[in-house]
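Only one structure is covered here, and it is reproduced in the block below.
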Number of protein chains: 2
Amino acid sequence: MIGIEQRVAIFEGQLKQAGLRMTQQRRLILRILAEAHDHPDAKGIFTRAFEHDPTLSLSTVYRTMKLLESQGAIERHAFEDGVSRYEHADQQHHDHLIDVETGQVVEFSSPEIEALQAKIAAELGYEIVRHRLELYARKLPKAGRKRVKKDV
Amino acid sequence: MIGIEQRVAIFEGQLKQAGLRMTQQRRLILRILAEAHDHPDAKGIFTRAFEHDPTLSLSTVYRTMKLLESQGAIERHAFEDGVSRYEHADQQHHDHLIDVETGQVVEFSSPEIEALQAKIAAELGYEIVRHRLELYARKLPKAGRKRVKKDV
DNA sequence: ATGCAATTGCAAATGATTTGCATTATTCCT
DNA sequence: AGGAATAATGCAAATCATTTGCAATTGCAT
Ligand SMILES: [Mn+2]
Ligand SMILES: [Mn+2]
Ligand SMILES: [Zn+2]
Ligand SMILES: [Zn+2]
């Protein structure tokens, strides 16, 4: 995981090569994403960024997300509710488990599952380009965990 | 896989128990879905049904899909493009591979993957409620397949 | 056949995302 | 530093799939 400053610098380089410009808004949004440890949606990113720059618009957030995605700087996920959520792309590939009660997103990665997916695709005569694996799950009662009150 | 008439009868019974009514539109849409061998979206279902009943409205399709889903008669999927696609629920659980070139949807099922998912969830302290597994893939050149013309 | 509640069709509302356009900001070049 | 060229922004309006309010219709139990 590289630092935020480096991330900004790298992105600025990519922009320059594409004839695009590094703006205050892009810098800010990129920073917000680099600092985020969750999977915020556009509005969430906007809200956080807005505190640093109250002139920022939601349109710019959307446009920037698209740009960042096209540059491979972030990843976009659409979980069950349909809204796009984002995360920076500087981590190894992983999939997500979503707690259906709390909405909490837990990341995991399984080489076995990845291999199995490739095998299945191959058997069907395909090669995987990308995939989506989401587990919607409920917390398991931990053995020895304090009992929940019944019979009030 | 049971017959269409039976499907309609079963659904009518479920409706009666819920104090709901079997209407011409619901009968028609259910039939369309039972005959469908793909994963049509609301507009697609509407188009097919409209040929049998030009007074049908898209709203009714949406309302009916929601009802059918709540009764467990159909399943809803939202692939990458975001629109909801439906299929009847009288088949065994399966996941989908989407051909990124053609959009074709191929069904598959893998007990190994299902087991692996459950194991992963368990290790994280969760029990899976439902999941989503989609492979976006490209057709593999078949060994011995007729060569594509090059150098025209 | 009658009556009431469920359902429908239509149009308008929603909510997330995109887009047109006039204005502003970056870059590049003297 | 100053200016031109044009990319990017903010805002409002447009999209697009889906939902919803409401008045008119229909299904179904009596
Ligand atoms: Mn993640
Ligand atoms: Mn299917
Ligand atoms: Zn994966
Ligand atoms: Zn599965």
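Residue numbers start from 1 in every chain, and the chains themselves are labelled A, B, ... in the order their sequence lines are given, proteins ahead of strands.
Regarding A/Gln17, its CD atom lies at a distance of 15 Å from the P atom of C/dT27, rounded to whole Å. Straight-line distance from the CZ atom of A/Phe50 to the P atom of D/dG10: 10 Å, rounded to whole Å. In this structure, B/Leu15 places its CG atom 15 Å from C1' of C/dT8, rounding to the nearest Å. Atom P of nucleotide D/dT25 and atom CZ of B/Arg21 are separated by 16 Å, given to the nearest angstrom. Between B/Asp53 atom CG and C/dT7 atom P there is a gap of 17 Å when expressed in whole angstrom units. At whole-Å resolution of the value, CG in B/Leu58 and C1' in C/dC10 are 12 Å apart. Whole-Å rounding puts the B/Met65 CE to D/dT20 C1' distance at 19 Å. Nucleotide D/dA7 holds its P atom 15 Å from the NZ atom of A/Lys16, rounded to whole Å.
For D/dG27, the OP1/OP2 oxygens have no side-chain nitrogen or oxygen of B/Arg26 closer than 4.0 Å. Under 4.0 angstrom from either OP1 or OP2 of C/dT8 there lies at least one side-chain N or O belonging to B/Thr23. Side-chain nitrogen and oxygen atoms of B/Tyr62 include none within less than 4.0 Å of the OP1 or OP2 phosphate oxygen of D/dT19. At the phosphate of D/dT19, OP1 or OP2 sits under 4.0 Å from a side-chain N or O atom of B/Lys66. At C/dA25, none of the side-chain N or O atoms of A/Gln25 fall inside 4.0 Å of OP1 or OP2 (strictly under the cut-off).
Sequence order on DNA chain C of the closest nucleotides to B/Leu20 and B/Ser59 puts B/Leu20 first from the 5' end. Mapping A/Met22 and B/Gly82 onto DNA chain D by nearest heavy atom places A/Met22 closer to the 5' end of the strand.
Checked by atom type and distance alone, the side chain of A/Thr60 never pairs as donor or acceptor with a backbone atom of A/Leu56 at under 3.5 Å. A donor-acceptor pair under 3.5 Å links the side-chain atoms of A/His88 to the main chain of A/Leu33, judged by distance alone. Formation of a donor-acceptor pair under 3.5 Å by the B/Arg76 side chain with backbone atoms of B/Glu87 is not found in this model.
Note: A/His94 and A/His77 have tilted aromatic rings, judged against thresholds of 30 and 60 degrees for the angle between ring planes.
Residue contacts for A/Arg63: at a heavy-atom cut-off of 4.0 Å it reaches a base atom on one of the strands shown.
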List the steps, then state whether ring pair (Phe, Tyr, Trp, His ring centres under 6.0 Å) holds for B/His131 with A/Tyr136. CA-CA 5 Å; B/His131 71 266; A/Tyr136 294 88; 9.2 Å; no
